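All values reported here derive from a predicted model rather than from experimental measurement.
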Amino acid sequence: MQHCGKSQKFNSFFPSLLGSLFALTAFFYAGQAQAYSDLNAKTCQLNYKVCKNNAQLVDEWDDLLSVRNACEIAASHEIREKTGTLPHWHSAIDGGAFPSYMMGNSAPEEGKITLLDDHVQAADMYGTTAERHVRCEVDLASRKILSISYK
């Protein structure tokens with residue numbers, strides 16, 4: 001009989017021990033997830049607002065490629081509407097579209113960046129193809145193109 005009593009105590013103790021271990025493990029991982037989230041919010045790679053300047057943002061921010069792609073698409077549509085032909089962009093090996101940017105601190109502070117591409121082959125309204133200078137201003141928070149200009 002005494003053996004059965006010990007077994008019952010063990011049987012009631014074991015699930016509560018497992019529950020405690022599970023709760024402790026969940027608490028530990030939740031703390032780690034919060035610490036990881038806090039770290040991400042403080043790195044330029046994932047949060048453009050903490051970049052020191054435009055150069056750091058361009059070098060480190062993970063979403064810049066998608067912003068450059070959006071600028072390339074928007075500028076291609078703009079140029080095609082005005083000239084009837086699509087421009088020729090550099091390949092990724094040659095730096096891709098919009099390899100340059102306006103220097104300064106405005107991007108992290110104001111949430112806007114101006115990307116530049118001075119080597120786009122595009123026709124003018126007379127059909128003459130030449131190297132064009134294209135500017136693309138982007139709102140970083142919304143990833144919205146604010147303006148496209150070229151000459």
Side-chain angles (χ1 to χ4, degrees), residues 12-151:
S12 64
F13 174 74
F14 188 68
S16 67
L17 177 64
L18 283 178
S20 297
L21 286 174
F22 178 74
L24 185 60
T25 302
F27 176 76
F28 175 74
Y29 282 117
Q32 290 232 339
Q34 180 64 37
Y36 182 73
S37 176
D38 291 345
L39 177 64
N40 287 344
K42 296 176 184 171
T43 63
C44 179
Q45 183 180 10
L46 299 169
N47 181 359
Y48 72 86
K49 294 176 184 177
V50 299
C51 299
K52 294 175 188 161
N53 52 39
N54 296 6
Q56 185 184 22
L57 186 145
V58 168
D59 289 341
E60 296 179 21
W61 189 47
D62 280 349
D63 285 349
L64 189 68
L65 181 60
S66 65
V67 169
R68 282 183 167 144
N69 289 338
C71 281
E72 180 180 352
I73 291 166
S76 292
H77 286 290
E78 179 87 15
I79 293 169
R80 185 175 184 194
E81 280 182 21
K82 292 184 178 178
T83 67
T85 60
L86 285 171
H88 173 74
W89 300 91
H90 289 279
S91 68
I93 294 171
D94 296 328
F98 297 99
S100 303
Y101 57 93
M102 296 293 287
M103 298 294 289
N105 301 328
S106 61
E109 293 172 3
E110 299 171 15
K112 297 176 187 172
I113 191 164
T114 301
L115 299 175
L116 309 168
D117 195 325
D118 294 331
H119 304 288
V120 179
Q121 295 293 318
D124 60 16
M125 60 186 180
Y126 305 109
T128 306
T129 300
E131 205 166 71
R132 307 286 176 204
H133 306 286
V134 183
R135 288 174 63 120
C136 178
E137 186 178 13
V138 182
D139 181 290
L140 298 173
S142 67
R143 311 300 194 272
K144 190 174 185 178
I145 306 298
L146 300 174
S147 68
I148 297 284
S149 64
Y150 74 100
K151 53 182 173 171

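Taking all atoms of both residues into account, the shortest heavy-atom contact from E137 to T114 is CG-OG1, 3.9 Å. Listed here is the closest heavy atom pair of L57 and A107: CD1-CB, 3.9 Å. The two residues A74 and I145 have their closest heavy-atom pair at CB-CG1, 4.0 Å. Nearest heavy-atom pair, W89 versus S76, reported as atom, atom and distance to 0.1 Å: NE1-OG, 2.9 Å. For V134 against Y150, the heavy-atom pair with the smallest separation is CG2-CB, 3.8 Å. Scanning all heavy atoms of the two residues, the minimum distance from G104 to N53 falls at O-CB, 3.4 Å.
To the nearest 0.5 Å, atoms CG (N47) and CG (L140) are separated by 10.5 Å. Put simply, CD on Q121 and OG1 on T129 are 7.5 Å apart, with the number rounded to the nearest 0.5 Å. To the nearest 0.5 Å, atoms CD (E109) and CG (N54) are separated by 8.5 Å. The distance from atom NZ of K112 to atom CG of L146, rounded to the nearest 0.5 Å, is 6.0 Å. Atom NE2 of residue H88 and atom CD of residue E131 lie 10.5 Å apart, to the nearest 0.5 angstrom. Note that the OH atom of Y48 and the OG1 atom of T43 stand 14.0 Å from one another [nearest 0.5 Å].
Within a 6.0 Å radius of CZ in R135, no more than 12 heavy atoms belonging to other residues, nucleotides or ligands are found.
Contact check for M102 versus L116: side-chain heavy atoms found under the 4.5 Å cut-off. Using a 4.5 Å heavy-atom threshold, the side chains of V67 and L115 count as touching. The side-chain heavy atoms of R132 and K151, taken from C-beta on, include no pair separated by under 4.5 Å.
For D139 (side chain) and K144 (main-chain N/O), no donor-acceptor pair under 3.5 Å exists by modelled atom type. Formation of a donor-acceptor pair under 3.5 Å by the R68 side chain with backbone atoms of F98 is found in this model. The closest donor-acceptor contact from the side chain of E60 to the backbone of Q56 lies at 3.5 Å or more, if one exists at all.
R143 meets the salt bridge (charged side-chain N to carboxylate O under 4.0 Å, His left out) test with D63; sequence neighbours excluded. When the side chain to side chain donor-acceptor pair (under 3.5 Å) test is applied to H133, the partners found at least two apart in sequence or on another chain are D118.
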**Request:** Report the C-alpha separation of V138 and C136 in whole Å, then their side-chain angles, then the decisive distance to 0.1 Å, and conclude whether the side-chain contact (heavy atoms from CB on, under 4.5 Å) test is met.
**Result:** CA-CA 6 Å; V138 182; C136 178; 3.7 Å; yes
**Request:** Apply side-chain contact (heavy atoms from CB on, under 4.5 Å) to the pair I148 and I79, showing each step before the final yes or no.
**Result:** CA-CA 9 Å; I148 297 284; I79 293 169; 6.0 Å; no
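Residue pairs meeting the disulfide bond (SG atoms under 2.5 Å apart) criterion with at least one member in residues 90-127, sequence neighbours excluded, do not occur.
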